[in-house]
S.K.: 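Have a look at the structure that comes next, please.
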There are 2 protein chains.
Amino acid sequence: MTIKEIAKLANVSLGTVDRVLHKRGKVSKETEKKVLDIIEKGNYKPNIYARGLVLNRSYKIAALVPNYNNGEYWEMPSKGIKMAEKNLSQFGINLSILYFDQNSVSSFTEKAEELLKLKPDGVILAPVINFEAVKLTKKLDEAKIPFSLIDSNIPNSNALSFIGQDAFQSGKLAAKLLCSEINSKGTISIISIKNNENHNKTLQQRIEGFKDYIYNSNFIANITLIEHNIHLGTANWEENLTQACAPTNNTVGIFVPSSMIHHVAKCIESNFDTMSTIKLVGNDLIANNVKYLKKGIINYLIGQRPENQGYLALESFYKYLVLEKQVPQKKYLPLDIITQENLMYYNDDVVSS
Amino acid sequence: MTIKEIAKLANVSLGTVDRVLHKRGKVSKETEKKVLDIIEKGNYKPNIYARGLVLNRSYKIAALVPNYNNGEYWEMPSKGIKMAEKNLSQFGINLSILYFDQNSVSSFTEKAEELLKLKPDGVILAPVINFEAVKLTKKLDEAKIPFSLIDSNIPNSNALSFIGQDAFQSGKLAAKLLCSEINSKGTISIISIKNNENHNKTLQQRIEGFKDYIYNSNFIANITLIEHNIHLGTANWEENLTQACAPTNNTVGIFVPSSMIHHVAKCIESNFDTMSTIKLVGNDLIANNVKYLKKGIINYLIGQRPENQGYLALESFYKYLVLEKQVPQKKYLPLDIITQENLMYYNDDVVSS
DNA sequence: TAGTTTTGTGTGTACGTACACATTTTTTTA
DNA sequence: TAAAAAAATGTGTACGTACACACAAAACTA
């Protein structure tokens, strides 16, 4: 059914139907009702090709995400966003990615300024510097620019959508996996490895989930839980890490709530004679982690489909702006359990081009 | 860049550019080269809206999959296919699903006939009745109708694409998970539960993978491996199943290579006092299995994203026919490890509308 | 009641592509 | 060398929608 057919059935012109469809007014209530009835009955849906052709709109989406070196976590969301752009550029979705330094608030505000100057039709934001991100969302609200959040959420923002993970549950899962590997009494270390001083909500939630599981399991009788903090790059951090891993008090398992467990794995590899029985569970399928998973030093990794997060974030703008569909307000991606035996089929697990 | 622009640059008419683009001939080699050069340099890409509008093509895709009752495995691929249709119908993808009875060859051939009569532009086929499916693919080849395979592959067919899982690896993974749960000596039972007599390649490969892992692990010293076959609906099948589960010889774990592990779980629930310590690993997130996973009777389920399989199968035809893109010839979906702690975020794990 | 505004309605063009058909140029034939 | 055939090129229309503009009818104003 086309506008032409509707017009014929209603005995009006194309223009009148058009005005009804777009609520441009200037139509008598009588004819409006007549036309609407026909539209309803005929289940009219606009031809998206014709519409796309005539509108020839293109939408500028700006993404603001942390910068990264090769093989680091934030490479993956960026990869997903770029892959989505490849598929969606032909539908008028144009992308600009801006990268900020996670360790520098000024870098973030600078890039945020730049982003606002672009006057984008939509924004993808990774609010890892929470406080500053909130400020930006306020400005976006004022400018009436819709935005999506990836990785972590800002609870009371009116984001178009949030795409991320349930960090608390991720921690619980990590605990469960670690416990399944442990058969004897001993100490479990939670080692927070970070490269900056920022408070990271995701890490905190994972740790809470981890503890929640342990304290509520009947494992707790056999387990001593210790927490360590390691700051990459500080003096003696490597020694401190070794110290944290060392089985002085009979360490049986280690959990790292960030993507940095490869540092622990490396440490264990270097002290393999004394530490080989320690079980490791960590997060994220970055190259370094995968390496140690393959070697059997890391036992499980928990994946949160970061590429998918990026892909879906851009795609949701396509659905919202181009197709004018509703998009889900919140999307938790599955927490994938990765081990040697199922690793191979997760490596290219993005919506492919 | 549009055809018009190309024409202007090449000092020819739109028609000539069109002939070059579509290789309709009747163009001198000179002008052809000139036009091609400009196309190359300008990185011309046809406007898919204009093209879609003028072609106004619609493609009929027929899917031939097993029928199902609510909550059975084959509901999920069908669900995925239908969801894809919902998203893609506006791009001219029309779907007809034909259901056959897995236990009846004649049902399959009948529906295959029906399918050929539809003269579809593409076919999605679940070759669970392998021999008959091969015959159908031959006919499709003759009729030059492209087809995609889901669930299991037909190795030397020239399918447009195969979308499924690595069953052998799935079995290995199951074994790994089961072993991680077992701390003592004992017997592991592999119970094949089927509702028909058909030879099922997937089940066989899973079993092989399972054994492969066990035999090559250092667990084998502590483990006795037994295989059972249960045919649903035959006389005494429930007793036979209980027998297969019963810890007469100290059963510590059970693996079911089909989606039918809920029958085992039910059996164990009924004999909870004697069987509660048996660990269970099975396949597929069907409702009944999920129920027992939640109860903690099933320890792990391995998922193969059946909805995604269906979704991707139809989407690949969209990409191939509408967008005229290449599609990957083979796509193994990840083997998801599902346990109580990460179940919740797998339930709506389909590409959403 | 003529003129003006308001309200309602119809017409025409553009978007970029595909394809049928018309026209021009070149080559071949008698 | 003129006529016919073949090759090369150009023109025009349609697809369905959005929107600017033109026009007509009704409702005001003076």
S.K.: Rounded to whole angstroms, how far apart are CZ on B:Arg24 and C1' on C:dA20?
M.R.: 10 Å
S.K.: If you compare all heavy atoms of B:Gln309 against all heavy atoms of B:Ile163, which two are closest, and at what distance to 0.1 Å?
M.R.: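 So the two residues come closest at OE1-O, 3.5 Å.
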S.K.: Pairing donors with acceptors under 3.5 angstrom, does anything connect the side chains of B:Asn56 and A:Tyr49?
M.R.: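 Side chains of B:Asn56 and A:Tyr49: no pair found under 3.5 Å.
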S.K.: Any base atoms under 4.0 Å from B:Leu55, or only sugar-phosphate, or nothing? Heavy atoms, all strands.
M.R.: sugar-phosphate
S.K.: To the nearest angstrom, how far is B:Asp18 atom CG from D:dT11 atom C1'?
M.R.: 13 Å
S.K.: Quick one: do the B:Tyr346 and A:Asp336 side chains pair a donor with an acceptor below 3.5 Å?
M.R.: yes
S.K.: Output the rounded distance in Å from OH (A:Tyr44) to C1' (D:dG16).
M.R.: 7 Å
S.K.: Strictly under 4.0 angstrom, non-hydrogen atoms only: write out the protein contact profile of nucleotides 7-14 of chain C, one letter per nucleotide from the 5' end, B, S or -.
M.R.: -SBBB--B
S.K.: Please give me every residue in residues 45-53 of chain B whose heavy atoms get under 4.0 Å of an atom in DNA chain D, ordered by residue number.
M.R.: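 B:Leu53 - these, ordered by number, are the residues of the stretch whose heavy atoms sit under 4.0 Å from the strand.
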S.K.: Between B:Asn56 (CG) and C:dC19 (C1'), how many Å, whole number?
M.R.: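 After rounding, the gap between these two atoms is 14 Å.
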S.K.: Rounding to an integer number of Å, can you tell me how far B:Met1 CE sits from C:dC15 P?
M.R.: 16 Å
S.K.: Let me know the distance between NZ of A:Lys4 and P of D:dT17, rounded to the nearest Å.
M.R.: 10 Å
S.K.: Would you kindly give the CD-to-C1' distance between A:Glu30 and D:dA26, to the nearest whole Å?
M.R.: 14 Å
S.K.: Given A:Phe91 and A:Tyr318, is the ring pair (Phe, Tyr, Trp, His ring centres under 6.0 Å) satisfied, shown in steps?
M.R.: CA-CA 8 Å; A:Phe91 296 102; A:Tyr318 162 69; 5.3 Å; yes
S.K.: If you look only at distance, which donor and acceptor atoms sit under 3.5 Å apart when one is on a side chain in residues 15-27 of chain A and the other is two or more places apart or in another chain?
M.R.:
residue, atom, partner, partner atom, Å
A:Thr16, OG1, A:Ser13, OG, 3.4
A:Asp18, OD1, A:His22, ND1, 3.2
A:Asp18, OD2, A:Arg24, NE, 3.3
A:Asp18, OD2, A:Arg24, NH2, 3.1
A:His22, ND1, A:Asp18, O, 3.1

S.K.: Between A:Lys29 and A:Glu32, is a salt bridge (Lys or Arg N to Asp or Glu O under 4.0 Å) present by the stated rule, with each step listed?
M.R.: CA-CA 5 Å; A:Lys29 289 193 177 170; A:Glu32 183 175 21; over 6 Å; no
S.K.: What residue among B:Lys34, B:Lys41, B:Lys33 forms side chain to side chain donor-acceptor pair (under 3.5 Å) with B:Asp37?
M.R.: B:Lys33
S.K.: Check whether the side chains of A:Asp166 and B:Tyr345 place a donor and an acceptor atom closer than 3.5 Å, and report yes or no.
M.R.: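 There is such a pair (donor and acceptor under 3.5 Å, judged by atom type) between the side chains of A:Asp166 and B:Tyr345.
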S.K.: Side chain to side chain donor-acceptor pair (under 3.5 Å) between B:Thr137 and B:Ser157: does it pass, once the steps are laid out?
M.R.: CA-CA 7 Å; B:Thr137 62; B:Ser157 75; 5.9 Å; no
S.K.: How long is the line joining CD1 of A:Ile6 and C1' of D:dT17, in whole Å?
M.R.: 11 Å
